[in-house]
Protein chains: 2
Amino acid sequence: MAMTIADIAKIAGVSRATVSGVLNNSPTVSAKTKDRILAIIKKYDYRPNEIARALALNQTGIIGLIVKDISNPLYSEIALGVEDVCGQEGLSVIIGNSHKEWDREVAHINLLKRRRVDGLIIFPLQKGADVRHIADLKKEKYPFVLLAEIPGIEADLVRADDEVGAFQATEHLINLGRKRIGYITGPQSALASDRRLSGYRKALKKHGLVPNDKHVIRGGWRLKDGYKVGKEFLSCETTCPDAVFCYNDSVAIGVMRAFVENGVRVPQDVAVVGFDDAGVGAYLETGLTTVAQPAMEIGRRSAMRLVELIRLKDNAQKPKKLYLQTKLQIRETCGANKKGSVSVQKK
Amino acid sequence: MAMTIADIAKIAGVSRATVSGVLNNSPTVSAKTKDRILAIIKKYDYRPNEIARALALNQTGIIGLIVKDISNPLYSEIALGVEDVCGQEGLSVIIGNSHKEWDREVAHINLLKRRRVDGLIIFPLQKGADVRHIADLKKEKYPFVLLAEIPGIEADLVRADDEVGAFQATEHLINLGRKRIGYITGPQSALASDRRLSGYRKALKKHGLVPNDKHVIRGGWRLKDGYKVGKEFLSCETTCPDAVFCYNDSVAIGVMRAFVENGVRVPQDVAVVGFDDAGVGAYLETGLTTVAQPAMEIGRRSAMRLVELIRLKDNAQKPKKLYLQTKLQIRETCGANKKGSVSVQKK
DNA sequence: ACAATATCTTAAATCGGTTCAAATTTATGG
DNA sequence: CCATAAATTTGAACCGATTTAAGATATTGT
């Protein structure tokens with residue numbers, strides 16, 4: 001088996017306490033013994049057992065991150081940000097996928113609590129779900145940060161400012177001279193879709209455009225949802241919009257496909273704007289203009305906040321809510337002219 | 001603080017050993033006391049401390065997964081597969097990003113060893129790197145599975161069968177009547193690129209086509225690498241290929257972009273095939289034909305193998321190497337006809 | 001040189017579980 | 001009813017670290 005602190009102590013002819021002192025560089029151990037023991041530790045390649053340490057210290061140095069699906073670029077980039085910050089702090093990250101299933105979300109949280117992780121970052125199920133497990137976290141003062149609001153629960157939160165993002169996108173379309181701007185919503189359960197709708201409406205209002213109910217259509221989150229709505233738009237010629245703002249990029253691509261198939265040109269006839277900028281937009285022949293989520297930054301900031309909560313211990317203070325700026329990524333589906341050279345994304 | 005096994009024991013009026021027996025449903029504890037204690041556990045919402053458990057059992061129920069960058073769709077899908085299998089086994093997964101940096105890879109492995117994770121799945125740096133840390137794992141009989149070969153180290157491995165994948169893609173191009181088929185390589189350090197080149201060559205050979213050195217060009221892994229090579233191809237008209245097989249999808253998209261910009265039509269003038277099928281191909285206007293990596297399956301199988309290694313304990317047996325089948329995903333850049341009413345019209 | 005301090009080291013308790021030989025209780029059969 | 005076997009339960013050691021009061025050594029001032 002691996003070396004233990006006792007082995008090192010015996011070899012060095014000191015007590016375990018002294019070795020422990022060296023490991024945690026306590027100032028009370030003399031420089032001489034410290035160096036001597038350090039040398040021994042190195043020589044025998046001794047690696048302190050973090051499990052034993054965690055038990056004694058009552059902290060694991062591990063946090064949990066629960067997302068719906070790590071293979072979704074949005075979440076994986078969030079994860080990257082989380083891991084980045086945590087890595088710097090010496091924390092490890094356990095990832096759990098809820099797959100949008102309540103049972104799995106609960107099971108993951110329970111397991112992570114048993115593992116005594118120091119804190120949790122959770123992208124929770126939202127509307128209509130039983131959220132007692134989250135409420136419990138709060139009651140137990142377990143450090144955690146949410147990546148999406150849960151109605152009825154006041155907790156630390158980090159997310160993109162959807163409303164402003166949507167507002168800016170819509171305003172951009174208006175400034176380009178578009179008059180009949182449509183919005184394709186996300187799935188019913190997505191609060192973010194409601195907020196984006198709200199930003200969209202505010203922009204119309206500000207510029208004196210009258211919202212047309214026919215232009216707000218329930219969509220979804222997949223390409224085919226957008227495609228379907230695109231066909232719908234085309235069927236009623238009189239009200240066909242000259243610009244479409246979409247819940248996300250997949251929907252935007254779907255709606256574009258429907259348009260293009262029917263000879264409707266993007267952006268000449270209809271401009272299109274997506275949301276998320278989740279990796280695809282830049283690869284399209286006609287680059288997709290989209291509201292970029294600061295996904296990496298969401299990950300980073302939520303991790304930083306979580307670290308704060310963990311350090312604070314006595315977190316009696318009020319939860320902080322952080323709304324990060326989106327960035328309108330202008331490409332060819334509206335705004336930018338098609339250029340003769342590749343626009344190479346940095347990153 | 002949270003309840004401990006001692007608290008439950010006291011409440012139930014039994015010893016800690018008995019409660020422990022209940023938790024691990026040992027057959028020696030009577031049904032009656034078992035039910036009674038179970039009720040108490042539920043009532044007080046007692047959650048056993050997995051840290052203490054890990055210390056006593058000398059196993060953590062955690063595994064480590066080290067990839068280059070979790071925000072890369074290929075790796076995030078692998079991660080999904082790993083987490084899926086591990087979840088079923090009650091294992092948690094710690095993810096570490098090496099960012100292609102040797103230091104980080106080593107640091108992650110070291111930390112995970114200190115955390116006494118039960119095993120590791122590693123996508124390692126390859127060519128030219130110091131791999132002693134991996135060799136050490138083997139020496140210490142630490143259970144681990146690699147997702148890419150390391151020259152000189154015999155270890156358990158799960159990866160896609162690049163060579164066969166490349167062979168099939170190339171053969172497909174040949175069967176479509178293409179005669180001058182090019183290959184754009186990946187970065188120098190990628191062993192996978194060499195294997196794909198080899199598959200490509202075998203296919204040419206099998207069908208009696210003479211390989212042309214001008215058609216194998218060093219590329220890279222980014223869109224702009226492909227774009228650059230595309231321009232190169234175009235500059236020497238006489239040797240311009242009528243089909244290009246690319247190291248990955250990004251390169252394929254880059255080369256397509258170069259072609260399209262110069263009025264060369266895909267697939268009519270030049271067919272293009274990518275590799276990976278990492279999420280983008282299906283979203284393009286002209287769907288990208290590509291060799292799909294079984295990423296999820298790679299994750300699943302590597303996790304399954306790791307679980308085996310962990311269970312086996314005495315893993316004196318020979319490492320197993322698993323090469324998973326790729327799948328040629330035929331879309332419009334070669335092979336499939338564009339679906340829908342509109343054919344590929346110039347804009 | 002000696003008492004008073006300042007430095008360093010250690011023994012033992014603790015964290016919250018598991019394990020197993022030994023002790024206790026219950027069941028069986030003659 | 002008692003001896004014996006079978007079924008349960010328990011006490012104490014253990015996993016590998018940290019922590020702190022107390023003990024040991026070294027240093028200082030006079």
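Below, chain A is the first sequence line, B the second, and so on; all start at residue 1.
- The side chain of A:Asn49 has D:dG16 as its nearest neighbour among D:dG16, C:dT10, C:dT18.
- Summarising the geometry, the separation between CZ on B:Arg116 and P on D:dA17 is reported as 7 Å, rounded to the nearest angstrom.
- Closest to the B:Arg53 side chain, of the nucleotides C:dC15, C:dT10, C:dT18, is C:dT18.
- Over its full length, the helix from C:dA1-D:dT30 to C:dG30-D:dC1 turns its helical axis through 40°, comparing axes from the five pairs at each end and rounding to 10°.
- In terms of position along DNA chain C, the nucleotide closest to B:Ile51 lies nearer the 5' end than the nucleotide closest to the other residue of the pair B:Ile51 and B:Gly21.
- Per the geometry, CG belonging to A:Asp7 stands 13 Å off C1' belonging to D:dA17, to the nearest Å.
- Under a 4.0 Å N-O distance rule, the pair B:Glu149/B:Arg159 qualifies as a salt bridge.
- Following rounding to the nearest Å, A:Arg115 (CZ) and C:dG16 (P) show an atom-to-atom distance of 18 Å.
- Across all strands shown, B:Thr4 has heavy atoms under 4.0 Å from sugar-phosphate atoms exclusively, and none from any base.
- Rounded to an integer number of Å, the gap from A:Ile5 CD1 to D:dT19 P is 11 Å.
- Between atom CD1 of residue B:Ile121 and atom CG of residue B:Leu65 there is a gap of 6.0 Å, rounded to the nearest 0.5 Å.
- Summarising the geometry, the separation between CD on A:Glu50 and C1' on D:dA17 is reported as 10 Å, rounded to the nearest angstrom.
- For D:dT10, the base has no donor-acceptor partner in the side chain of B:Arg16 [N/O atoms by modelled type, under 3.5 angstrom].
- The existence of a salt bridge linking A:Arg300 and A:Asp84 is confirmed by a sub-4.0 Å separation between a basic side-chain nitrogen and an acidic carboxylate oxygen.
- For B:Ala52 and B:Pro27, each mapped to the nucleotide of DNA chain D holding its nearest heavy atom, the one lying further toward the 5' end belongs to B:Pro27.
- Considering only side-chain N and O atoms, B:Asn24 lies under 4.0 angstrom from the phosphate OP1 or OP2 of C:dT18.
- Listed candidates were D:dT18, C:dG17, D:dG16. Nearest to the side chain of B:Tyr46 is C:dG17.
- Side-chain nitrogen and oxygen atoms of A:Thr33 include at least one within less than 4.0 Å of the OP1 or OP2 phosphate oxygen of C:dT9.
- Considering all non-hydrogen atoms of both residues, B:Asn49 and A:Leu55 come closest at ND2-CD1, 4.4 Å.
- When rounded to the nearest whole Å, the span between CG of B:Leu55 and P of C:dG17 equals 12 Å.
- Nearest nucleotide to the side chain of B:Leu23, out of D:dT10, C:dT18, D:dA17: C:dT18.
- Here the nucleotide nearest the side chain of B:Ala17, chosen from D:dT18, C:dT19, D:dG16, is C:dT19.
- Looking at B:Ile153 and B:Val131, their side chains come closer than 4.5 Å, going by heavy atoms from C-beta outward.
- Applying the 4.0 Å criterion to OP1 and OP2 of C:dC8, one finds that A:Thr28 has every side-chain N and O outside that range.
- Counting non-hydrogen atoms under 4.0 angstrom, B:Val19 reaches nothing in the nucleic acid.
- The distance from atom CG of A:Asp7 to atom OG1 of A:Thr4, rounded to the nearest 0.5 Å, is 3.5 Å.
- Distance B:Arg47 CZ to C:dC15 P: 21 Å, rounded to the nearest Å.
- Judged by distance alone, the side chains of B:Asn24 and B:Ser26 never bring a donor and an acceptor atom under 3.5 Å apart.
- If you check D:dG16, D:dT9, C:dT19 against the side chain of B:Val29, the one that comes closest is D:dT9.
- The distance between atom CG of B:Asn58 and atom P of D:dG16, rounded to the nearest whole Å, is 7 Å.
- Nucleic acid contact class of B:Ser20 (heavy atoms, under 4.0 Å, all strands): base.
- In this structure, the separation between CD1 on A:Ile37 and OG on A:Ser30 is 8.0 Å, given to the nearest 0.5 Å.
- Closest non-hydrogen pair, A:Tyr75 versus A:Asp69, comes out as CD1-O, 3.4 Å.
- Residue contacts for B:Ser30: at a heavy-atom cut-off of 4.0 Å it reaches the sugar-phosphate backbone alone, with no base atom in range.
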